[in-house]
Enquirer: 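Have a look at this one before I ask anything.
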Amino acid sequence: MKYLLHFLSNARKLFGIRIFIFGIATGLANTALISIINETIKYGIDEKMPSPLLAAGYVLSLLLYFLLQYSYQALLIRSAESLILQSRKELIDRIRKSSLQSFEKLGSTRLFVLISADTATIGQIATLASGVITSVIVITGVLLYLLVISIKGFLLTITIIAISFLVALAKQKQNIRRIKHLMELQNTFLGYVQQMLNGMKEIKIDSQVDKGLYDTQIKPRMEEVSSATISNNVFQSRFSLLGQSIFFITMGCILYLFPLLKVTITENNAQFVIMLIYILGPLQSLLPLIPQFSRIKSTLERLEEAMKTLQEEASAAYDSQQAENSFTEIRIRDLTYTYKTLHNDEFSLGPINLDIKAGDLIFIHGGNGSGKSTLIKVLTGLYPQSGGSIMRDNQLIDYHNLQMYRNMFGVIFTDNHLFEHIHGVDQTAAANVQQLIRKVGLVEKVNFSQNQFDTIDLSEGQKKRVALVSALVRNKPIYIFDEWAANQDPDFKHFFYQNIIPELSKQRKTVILITHDDRYLHIAQRVIKMENGKIQEQKV
Ligand SMILES: Nc1ncnc2c1ncn2[C@@H]1O[C@H](COP(=O)(O)OP(=O)(O)OP(=O)(O)O)[C@@H](O)[C@H]1O
């Protein structure tokens, strides 16, 4: 609800008052046209020449209507796009500033759907709102005209409109439930599609995997989405049918039943029926708007829920590009972290007590699932610790300096993402890239120009080397490599441990290596063993 209000206030700011004024003016011009046509028809029926005043009024209203529509359409398109842009900006901004935990909780598929499709749905609100304004004005104008020509006719029309709306509103709750259900089904379906796209190799190599995933997950979900969409659309189309039927039944009564029963509604039934036909158009466009607004409302609620889940990180200096380029010591005391999972067998890290000095070369080893990667995420401030503290040169790391602290680290994660560009590095630093490419033995494979690698279509080991180039060019005081050498060939692995790492140490860089390569442990100054979330420093 809070987000809905915030969104509406944003929409008002974006649209300004212009969209309402234009909507009202267009509606009025439309009503004027209808009234003039109706007056003219009256003359026609009486076989008199229509008055030149009416003809002049018709031309003027028509001109006005076209001129208004000409600008109004462009205004609507601009407003819709501004809304989409605004929603995307807000969402992307929130994702950038959210904690890694809440991002992981929501998952990339859901966020992708929100950014791509759902924001576009929200953009429709501009066109819908304008439809409402114009239709309401036309209906009001025609009702006023009816009031002049027949009070009974006016009351009858009001009753028909009220009935149509009451029925539509009564179905509103059911409609929202249906739309929500459909959106949930779509999400589940897209989740499986993403699994299929990510696991294409595994699917291609084994037809049983392909069949299993398709038959038991994708196909049934796809069919569920399809049948829910059909039932939703059928349900929605019945709204316009409802409006139509009520009107045609009323017209039938006026034309056939009332004369039979000798009930008089108006002096001129033909004129009244024509006015009803005029109202039918706007009413027919208004009734289906109710389910469409429901859809937008559900989308806004999903957006609000996502915004709530994406908790903004408590980091006052988030936007700071500043990195602390030197430090003397990082002191970790009683640091703990616990994953919150659905199962009871949750993993707990720590308590960790560790002092890392500038220039240290630390190797961390331990079995699978012992907590090495988790330690890195908590140590670098990516996951907020459950307990304990991190101090950098006697300065407690908290929300004031969290991002500056993080900026000190150059990390290559086991599942790192390789960017084609080296973002946020100045030209002078970027000049070293070609040299580093040579160092990692990729000079024949990769070129760097205009701040971009010309290709990243490389082998896994080569990609890791490009990631190393990207990390080193940033000239960070602390480097962390999480099983970086795991997919390097023996020669380059040797070169990495015997040349690249010692060279970084010579430059007084602090290097933390997570490794299973026990035969290189001897080059470390300090060796830490991890077991069941706890650390133990070993003698070297
Ligand atoms: N996102 C998560 N949610 C819940 N539990 C997790 C999550 N990630 C890891 N864990 C749990 O934390 C434990 C430690 O995982 P971690 O990735 O830190 O181990 P690791 O020592 O780096 O293992 P490996 O050598 O296999 O990479 C594991 O037992 C795992 O079950």
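Just follow the structure's listing: the first ligand is 1, and inside any ligand the first atom is 1.
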Enquirer: Is a side-chain donor-acceptor pair under 3.5 Å present for Tyr383 with Glu104?
Expert: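 Looking only at side-chain atoms, Tyr383 and Glu104 do form a donor-acceptor pair, the distance falling under 3.5 Å.
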Enquirer: Give the numbers and elements of all ligand 1 atoms closer than 4.0 Å to a heavy atom of Thr374.
Expert: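 Close to Thr374: 14 (C), 15 (O), 16 (P), 18 (O).
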Enquirer: Just checking, any donor-acceptor pair under 3.5 angstrom between side chains of Thr299 and Asp118?
Expert: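 No, no side-chain donor-acceptor contact under 3.5 Å.
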Enquirer: Under the ring pair (Phe, Tyr, Trp, His ring centres under 6.0 Å) test, which residues partner His516, sequence neighbours left out?
Expert: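 Residues passing ring pair (Phe, Tyr, Trp, His ring centres under 6.0 Å) with His516: none at all.
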Enquirer: As a check for students: among His516, Lys372, Lys105, identify the option with a heavy atom nearest to atom 20 (P) of ligand 1.
Expert: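 Heavy atom nearest to atom 20 (P) of ligand 1 belongs to Lys372.
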Enquirer: Using distance alone, determine whether Tyr383 and ligand 1 share an N or O pair under 3.5 Å.
Expert: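 Between Tyr383 and ligand 1 (N or O atoms, distance only) the closest approach is not under 3.5 Å.
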Enquirer: Test the Arg465-Phe492 pair against the cation-pi criterion, namely NZ or CZ under 6.0 angstrom from the six-membered ring centroid and within 45° of the ring axis.
Expert: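 Ring-cation test returns yes.
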Enquirer: What atoms of ligand 1 come within less than 4.0 Å of a heavy atom belonging to Ser370?
Expert: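 Listed by number with element, the hits are 19 (O), 21 (O).
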Enquirer: Can you confirm, on distance only, whether ligand 1 has an N/O atom lying under 3.5 Å from any N/O atom belonging to Gly366?
Expert: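 N/O-N/O distance below 3.5 Å does not exist for this pair.
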Enquirer: Work out whether the distance between some heavy atom of Gly367 and some atom of ligand 1 is less than 4.0 Å.
Expert: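 A heavy atom of Gly367 does come that close to ligand 1.
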Enquirer: Does Ile203 offer a backbone N or O that forms a donor-acceptor pair with the side chain of Asp206 under 3.5 Å?
Expert: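 No, because the side chain of Asp206 does not come within donor-acceptor range (under 3.5 Å) of the backbone of Ile203.
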Enquirer: For Glu483, counting its heavy atoms only, list the atoms of ligand 1 lying under 4.0 Å from any of them.
Expert: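 Those of ligand 1 that fall under 4.0 Å from Glu483 are 25 (O), 27 (O).
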Enquirer: Check whether any N or O atom of Phe347, backbone or side chain, sits under 3.5 Å from an N or O atom of ligand 1, and answer yes or no.
Expert: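 N/O-N/O distance below 3.5 Å does not exist for this pair.
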Enquirer: Using a 4.0 Å heavy-atom cut-off, which part of Glu104 comes near ligand 1: side chain, backbone, both, or neither?
Expert: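 Near ligand 1, Glu104 shows nothing, with every heavy atom at 4.0 Å or more.
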Enquirer: Let me confirm one number: the CD1-NZ distance from Ile528 to Lys534, rounded to the nearest 0.5 Å.
Expert: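 Spacing of CD1 (Ile528) from NZ (Lys534) equals 15.0 Å.
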Enquirer: What part of Met530 sits under 4.0 Å from ligand 1 if we count only heavy atoms: the side chain, the backbone, both or neither?
Expert: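 None of Met530 does.
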Enquirer: Sorted by first residue and then second, give each salt bridge (charged side-chain N to carboxylate O under 4.0 Å, His left out) pair with at least one member in residues 438-453; sequence neighbours left out.
Expert: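 Every pair satisfying salt bridge (charged side-chain N to carboxylate O under 4.0 Å, His left out) with a residue in residues 438-453: Lys439-Glu503.
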